[in-house]
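Only a predicted model underlies this, so the values are computations on that prediction, with no experimental measurement involved. Proteins get letters first, then strands, A, B, ... in listed order; numbering begins at 1 in each.
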2 protein chains.
Amino acid sequence: MFSKTCKYAINAMIYVASLPGGNERSGLKDISKAINSPEAFTAKILQQLVKSDLLHSMKGPNGGFYIHRDTHQIFLSEIVQAIDGDLIFTGCALGLEKCSEDHPCPVHHKFKAVRDHLTGMLMTTSLKDVADSVNVGSSFLKI
Amino acid sequence: MFSKTCKYAINAMIYVASLPGGNERSGLKDISKAINSPEAFTAKILQQLVKSDLLHSMKGPNGGFYIHRDTHQIFLSEIVQAIDGDLIFTGCALGLEKCSEDHPCPVHHKFKAVRDHLTGMLMTTSLKDVADSVNVGSSFLKI
DNA sequence: ATATTAAAGGATATTTTTGTCCTTTATAAA
DNA sequence: TTTATAAAGGACAAAAATATCCTTTAATAT
Ligand code: FES
Ligand code: FES
């Protein structure tokens with residue numbers, strides 16, 4: 001469904017969003033430990049997220065990553081889009097070059113419903129929603 | 001969503017199912033031309049489908065691939081399962097080792113709904129359904 | 001029987017994804 | 001100002017997915 005990179009990205013964003021105190025920073029080591037991901041690879045992903053402006057960073061002692069925007073207004077769809085692009089939102093299930101009503105693949109209509117369901121879910125689920133569930137202990141970021 | 005291999009597999013199965021006359025055989029070349037896939041790679045995929053008993057084959061002149069079972073009773077889910085396994089039906093969206101209610105990831109509940117939607121769609125859409133739409137010209141297998 | 005056809009199978013190549021390592025740059029504390 | 005810290009960046013490595021090539025096997029037609 002999502003690339004492994006994208007899964008790490010979502011988990012990392014949720015972890016940072018779940019930290020107490022709005023603009024607390026957390027470092028690469030903390031993050032990759034918290035989400036159980038390879039450190040060096042996670043570093044690359046966090047860089048991508050910073051470039052996409054979903055995450056911000058600070059170098060030096062007490063540096064780390066933090067979220068600038070209100071997590072209530074950051075949706076999972078933005079993270080997925082930043083990492084995996086929008087093929088998941090618009091691509092053809094069977095690999096046709098372009099998904100369209102005019103030239104649909106055999107599963108287009110049924111698949112579109114599912115894809116739109118997924119898109120809707122991602123576009124309406126905020127980082128705050130999911131981070132809260134981690135904070136109250138009703139959901140988990142690893143194992 | 002599906003691996004490229006799986007997309008080719010679904011397309012190939014649809015193409016064979018769409019041939020007139022129940023047990024008509026069609027060869028590798030026809031199939032890969034019809035679905036616009038690399039021939040040698042498609043051969044491997046067809047082999048997998050034969051091993052999975054979704055497709056049957058005959059060597060020699062006038063040989064080729066054909067479907068034994070009633071296409072009305074073959075569902076897309078079987079093809080996806082045969083090629084991509086069942087991670088798509090049961091795997092965790094965020095990569096937790098195991099998707100479960102007891103130890104859910106932060107998107108578990110919302111994702112489960114989407115995943116079940118997809119699963120339901122695949123389990124209720126038969127090869128006949130989609131092959132018919134190709135035959136009446138209302139859907140397409142390539143470009 | 002022999003030749004031809006077409007799938008099966010094995011080995012290998014290419015590309016993409018995932019992952020690591022090491023150096024450089026920016027920031028802050030001492 | 002020096003040192004420590006932590007992210008950024010570049011080069012490289014490993015693994016997995018995708019793709020090709022060539023030989024072998026089975027079936028048919030001549
Ligand atoms: S054309 Fe295939 S999903 Fe729309
Ligand atoms: S635990 Fe992640 S989808 Fe169920």
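In this entry the distance linking CG of L28(A) with C1' of dG9(D) reads 14 Å, nearest Å. To the nearest angstrom, P of dA16(D) lies 16 Å from CG of D84(B). Atom CD1 of I35(B) and atom P of dA19(D) are 11 Å apart (whole Å). Straight-line distance from the CG atom of N36(A) to the C1' atom of dT18(C): 15 Å, rounded to whole Å. When the P atom of dA8(C) is taken as reference, atom CD1 of I31(B) falls 10 Å away, rounded to whole Å. As a whole-Å value, the separation of K29(A) NZ from dA4(D) C1' is 13 Å.
Under the side chain to side chain donor-acceptor pair (under 3.5 Å) criterion, S138(A) pairs with no residue at all, not counting sequence neighbours. H103(A) meets the ring-ring contact (aromatic ring centres under 6.0 Å, His included) test with F140(B); sequence neighbours excluded.
Using a 4.5 Å heavy-atom cutoff, the side chains of T5(B) and Q48(B) are in contact. Side-chain contact between N11(A) and Y15(A) is absent, with no heavy atoms from C-beta onward closer than 4.5 Å.
The phosphate of dA17(D) has neither OP1 nor OP2 within less than 4.0 Å of any side-chain N or O from S3(B). Residue S57(B) places at least one side-chain N or O closer than 4.0 Å to OP1 or OP2 of dA8(C). Proximity of Y8(B) to the phosphate of dA19(D): a side-chain N or O atom is located under 4.0 Å from OP1 or OP2.
No side-chain donor-acceptor contact under 3.5 Å links Q73(A) to the backbone of D70(A). For the pair D86(A) (side chain) and Q81(A) (backbone), a donor-acceptor distance under 3.5 Å is absent.
Listed nucleotides dA7(C), dT18(D), dA8(D) differ in distance to F65(A); the shortest reach to its side chain belongs to dA8(D).
Of the residues in residues 37-55 of chain B, P38(B), A40(B), F41(B), K44(B) come within less than 4.0 Å of DNA chain D through at least one heavy atom, sorted by number.
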#### Entry: Under 4.0 Å protein heavy-atom contacts per nucleotide of nucleotides 23-30 of chain D, with B for base, S for backbone only and - for none
--BBBBS-
Please list every donor-acceptor pair under 3.5 Å in which a side-chain atom of residues 108-127 of chain A meets a protein atom from a residue at least two apart or in another chain.
from: H108(A); atom 1: NE2; to: E101(A); atom 2: OE2; distance (Å): 3.0
from: K110(A); atom 1: NZ; to: T125(B); atom 2: OG1; distance (Å): 3.3
from: K112(A); atom 1: NZ; to: D116(A); atom 2: OD2; distance (Å): 3.1
from: R115(A); atom 1: NE; to: F89(A); atom 2: O; distance (Å): 3.3
from: R115(A); atom 1: NH1; to: T90(A); atom 2: O; distance (Å): 3.2
from: R115(A); atom 1: NH1; to: G91(A); atom 2: O; distance (Å): 2.8
from: H117(A); atom 1: ND1; to: H117(B); atom 2: ND1; distance (Å): 2.9
from: T119(A); atom 1: OG1; to: R115(A); atom 2: O; distance (Å): 2.9
from: T124(A); atom 1: OG1; to: G120(A); atom 2: O; distance (Å): 2.8
from: T124(A); atom 1: OG1; to: M121(A); atom 2: O; distance (Å): 3.3
from: T125(A); atom 1: OG1; to: M121(A); atom 2: O; distance (Å): 2.7
from: T125(A); atom 1: OG1; to: K110(B); atom 2: NZ; distance (Å): 3.3
from: S126(A); atom 1: OG; to: K128(A); atom 2: N; distance (Å): 3.3
from: S126(A); atom 1: OG; to: D129(A); atom 2: N; distance (Å): 3.1
from: S126(A); atom 1: OG; to: D129(A); atom 2: OD1; distance (Å): 3.3
from: S126(A); atom 1: OG; to: D129(A); atom 2: OD2; distance (Å): 3.2

Name every donor-acceptor pair, under 3.5 Å, that has one atom in a side chain of residues 35-47 of chain B and the other anywhere in the protein, sequence neighbours excluded.
from: S37(B); atom 1: OG; to: T42(B); atom 2: OG1; distance (Å): 2.6
from: T42(B); atom 1: OG1; to: P38(B); atom 2: O; distance (Å): 2.5

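How far CG of L94(B) is from CZ of F2(A): 7.5 Å, rounded to the nearest 0.5 Å.
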